[in-house]
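To start, the structure under review is shown below, and the notes come after it.
Numbering of ligands and ligand atoms starts at 1, following listing order. Nothing fancy with the numbering, it's 1 onward along the sequence. Given the structure is predicted, the values throughout are model-derived calculations rather than measurements.
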Amino acid sequence: MIISLKAILEIAEARNIAIAAFNVTSMEGIQAVLGAAEELDQPVIVQFANAAHKTYIPMGVIGPVMMAMADRAKVPVCVHLDHGSSFQEVQEALELGFTGIMYDGSELPYAENVANTKAVVELAAQYGASVEAEIGSMGREEFSSAGGSDEEEAVEGCYTDPDLAAKFAKETGIDALACSFGTVHGIYLHTPKLDIERIGKIREKTGVPVVMHGGSGISDEDFRKCIEQGVRKINFYTYSAKFAGELIRDRLAKETGNVYFHDIAVWGRESMKKTYMDTLKVFSNLNG
Ligand code: 13P
């Protein structure tokens with residue numbers, strides 16, 4: 001069953017949990033996300049980061065598959081565009097039926113980010129979709145958020161300012177806000193050190209659900225603390241792809257006979273599903 005980003009975040013708010021937002025780049029990935037969510041009976045967001053992943057599969061190919069599979073799912077699912085960077089991309093996702101759009105104008109000057117985000121909110125409303133936007137910057141993948149180096153300062157300088165975030169949320173009418181408080185995309189070079197208090201301040205001042213990007217590599221304890229402070233959507237991808245890759249590498253090293261791609265695809269799918277189930281248990285606060 002497909003529902004909007006706003007509706008799925010309302011479920012998160014009512015239950016004091018965070019909805020997992022897993023990126024997909026293949027049909028096996030979509031099966032892994034929906035299979036994990038159905039097995040645990042949890043709502044989930046399946047998302048496509050067109051800018052980063054279009055080289056693996058175009059949105060015009062994977063988008064209709066995401067929609068068809070989400071439609072048949074036994075749990076509430078939001079089909080979401082991750083890090084939309086142009087109106088054309090946003091329009092394409094909306095035409096495909098996506099029910100959530102992230103517009104990422106975080107690298108633009110403030111006024112331009114506000115104007116573009118507002119335009120995306122108006123466009124998405126015509127399709128019944130809701131909008132996540134970003135203020136502050138998650139930093140480059142190479143920057144670690146801890147370690148006491150110059151890199152730490154570089155990232156901390158980009159942390160989301162709660163007052164500016166409140167102004168941004170009011171001026172744009174967004175449904176969710178992606179914030180910078182110490183997470184980065186991809187592999188962490190050092191143990192991440194999160195500014196968890198900042199999340200509470202942002203949540204209180206903006207009145208909208210907070211989104212954490214860069215979930216891979218964050219400890220379960222930190223996830224729980226962030227959820228307590230108001231994080232309601234957590235983006236997670238790199239570790240599921242990494243663990244699946246490592247499992248395939250190890251199994252191939254032991255294979256002596258013929259190896260078929262369809263089997264490799266299934267190994268990858270099952271590994272990703274396991275990672276997603278482990279993750280969903282933490283985000284949904286399930287025991288065991
Ligand atoms: P990771 O790949 O670091 O888990 O982050 C995913 C993400 O934030 C997508 O927007």
Per-atom contacts of ligand 1 with [X], taking only distances under 4.0 Å to non-hydrogen atoms:
X      : answer
Asn23  : 9 (C)
His83  : 10 (O)
His185 : 3 (O), 5 (O), 7 (C), 8 (O), 9 (C), 10 (O)
His213 : 8 (O), 10 (O)
Tyr237 : 1 (P), 2 (O), 4 (O), 6 (C)

Checking a contact table here: which protein heavy atom is nearest [atom], and how many Å away?
atom                   : result
atom 3 (O) of ligand 1 : Gly186 N, 2.8 Å
atom 8 (O) of ligand 1 : Gly214 N, 2.8 Å
atom 9 (C) of ligand 1 : Asp82 OD2, 3.1 Å

With a 4.0 Å cut-off, would you call [X] and [Y] a salt bridge?
X      : Y      : result
Glu228 : Arg224 : no
Asp250 : Lys254 : no
Arg203 : Glu13  : yes
Glu171 : Lys118 : no
Glu246 : Lys242 : yes

> Between Phe87 and Tyr103, how do the two ring planes meet: parallel, tilted or perpendicular, split at 30° and 60°?
Replying inline: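 Rings of Phe87 and Tyr103: parallel, under 30°.
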>> Using 30° and 60° as the class boundaries, would you call the ring planes of Phe243 and Tyr239 parallel, tilted or perpendicular?
In response: tilted
> Is ligand 1 less than 4.0 angstrom away from at least one heavy atom of Gly215?
Replying inline: yes
>> Considering both backbone and side-chain atoms of Ser216, is one of its nitrogen or oxygen atoms within less than 3.5 Å of a nitrogen or oxygen in ligand 1?
In response: yes
> Would you say Gln47 has any N or O atom under 3.5 Å from an N or O of ligand 1, going by distance alone?
Replying inline: no
>> If we set the cut-off at 4.0 Å for heavy atoms, which region of Thr238 has an atom near ligand 1: side chain, backbone, both, or neither?
In response: both
> Are a donor atom and an acceptor atom from the side chains of Glu134 and His213 found within less than 3.5 Å of each other?
Replying inline: no
